[in-house]
There are 2 protein chains.
Amino acid sequence: MATTRRPGGRSARVQAAVHRAVTDLVCERGADQVTIPAVAERAEVNPTTVYRRWGSIPALLAEVAAAEESGPPAPTGDLGADLAAYAEWTLADLSRPGGIAFFRAEVAADVDERRAGLRECLKRSSTTIEALLDRARGAGHEVPALTDVIDRVVAPLYFRVVFSIPGTDAAYARGLASALHREA
Amino acid sequence: MATTRRPGGRSARVQAAVHRAVTDLVCERGADQVTIPAVAERAEVNPTTVYRRWGSIPALLAEVAAAEESGPPAPTGDLGADLAAYAEWTLADLSRPGGIAFFRAEVAADVDERRAGLRECLKRSSTTIEALLDRARGAGHEVPALTDVIDRVVAPLYFRVVFSIPGTDAAYARGLASALHREA
DNA sequence: CGGCTAAAGCAAAGTGCTTTGCGTTAAGCT
DNA sequence: AGCTTAACGCAAAGCACTTTGCTTTAGCCG
């Protein structure tokens, strides 16, 4: 039989407190300075609880990042607008507190975990983009390849956020999308 | 008076042994699993020595990465060929053992150090690219902006290496460069 | 060659993350 | 309401990295 769970009152409160503590600490100190004892103290829970429920910092950051991520914009079928919206959303997702921190943590995590985290991250992006392209393709348009969207839109945004290149804002994101769209 | 240094025999041997140990361990376990005690043991030197000479893992990785990096190819003035060569070299640099590990370490390092390391990394790339563009510009050609080279060539390569996207080889790197070149 | 001292080695203490065993609390269910 | 037990708290032990004071080794220079 399946072990019965207890998501009710207390567990939910602990989870909320821990999540909040993680985002706060990531903003204040950066993802690499976030330790489980620090999170536990800020959340006013026992470190043992965090160790037993989440096990490691990468796992905890992953959960928090996933919980905070807003879904990507729904494609409308207008390829130009959809690409722009997707680019803008991607940048917003990376720029939000903890967004890039999550990415940093994944990049730095140990081999097995890293592969899992990065692969999932890439797969989600690919799926979203494919949906967007399919929608436009269904409307009878010529669409760029997935790989081009990644190279021309997604990669520059990640690169610019990681390197903190100034001027990387929503307008820039839209510009990347429209430059690709114009060529198709 | 300036403190006299002793780069001779023993220090040089220790440095070489430590460098070799770092690259070996990075290859075997990944950058995040490399600790100073582990490096010291592999290099058959005392951990204290590593702590006193390098202080931290990021600093040590930075030195090793810098020491191993081969210089970028000299620009010939042929923009298409130079861009392709630069793209290929960048990919080779990232792909070599420890290349991306160094990047990963920088990305994950704490705030102050990270900024310094990433900024220097970006600055070096920018300088190299500018030199390449200037050379072509001097030959009277129309050249793309630095920012376009970064977005279209450098960023995709970093992104693909970090995410381990298959098919990211020398031919792909050249393809990125030539796609940009064709537009100009 | 012989002195000076930078650089390496050694050992012990310090620090902070992590694990473990056990008692306590409070969901969920009848 | 009362029982069961998942989930949390607590405290002590474990472990690994890091620091520190001192000793020993071996470049460099006169």
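Within every chain, numbering begins at 1; the chains are lettered A, B, ... in the order of the sequence lines, protein sequences first and strands thereafter. Predicted model, so just to flag it, every value in this text is computed and none were measured.
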Degree of bending, the helix from dC1(C)-dG30(D) to dT30(C)-dA1(D) (end axes from five pairs; round to 10°):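 Comparing the first five pairs with the last five, the axes sit 40° apart.
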
Lys/Arg-Asp/Glu bridge criterion (N-O < 4.0 Å) met for E28(A), R42(A):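 Judged by the 4.0 Å cut-off on N to carboxylate O distance, E28(A) and R42(A) do form a salt bridge.
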
CA sep, side-chain torsions, deciding dist, call: R135(A), E130(A), salt bridge (Lys or Arg N to Asp or Glu O under 4.0 Å): CA-CA 8 Å; R135(A) 185 72 193 263; E130(A) 281 289 16; over 6 Å; no

Nearest-Å distance, [atom1] ([X]) to [atom2] ([N])?
X	N	atom1	atom2	answer
N46(A)	dA11(D)	CG	P	9 Å
I57(B)	dT18(D)	CD1	C1'	12 Å
I36(B)	dT19(D)	CD1	P	8 Å
Q15(A)	dA6(D)	CD	C1'	15 Å
R53(A)	dT19(C)	CZ	P	17 Å
E41(A)	dC17(C)	CD	P	10 Å

T49(A) side-chain N/O to dG9(D) phosphate OP1/OP2 under 4.0 Å: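 Indeed, a polar side-chain atom of T49(A) lies that close.
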
Of R52(A) and P37(A), the one whose closest DNA chain C nucleotide lies more 5': P37(A)

H19(B)/E63(B) under side chain to side chain donor-acceptor pair (under 3.5 Å): CA gap, chis, key distance, verdict: CA-CA 9 Å; H19(B) 278 204; E63(B) 185 181 296; 2.8 Å; yes

Approximate separation, where rounding is to 0.5 Å, of I165(A) CD1 and Y172(A) OH: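 Those atoms lie 8.0 Å apart.
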
Working for salt bridge (Lys or Arg N to Asp or Glu O under 4.0 Å), residues R160(A) and D151(B): CA-CA 8 Å; R160(A) 287 171 166 273; D151(B) 282 347; 2.7 Å; yes

Which listed nucleotide ([options]) is nearest to the side chain of [X]?
X	options	result
S11(A)	dA7(D), dT18(C), dG21(D)	dA7(D)
Y51(B)	dT18(D), dC17(C), dG9(C)	dT18(D)
R10(A)	dC10(D), dA26(C), dG9(C)	dA26(C)

Heavy-atom pair with the smallest gap, counting every atom of D134(A) and R137(A):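 Here D134(A) and R137(A) meet closest at OD1-NH1, 2.5 Å.
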
Heavy-atom side-chain contact between E88(B) and P73(B) under 4.5 Å: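 A side-chain contact is absent here, since even the closest heavy-atom pair is not under 4.5 Å.
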
Sugar-phosphate, base or nothing in reach of T48(B), heavy atoms under 4.0 Å: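 Touches a base.
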
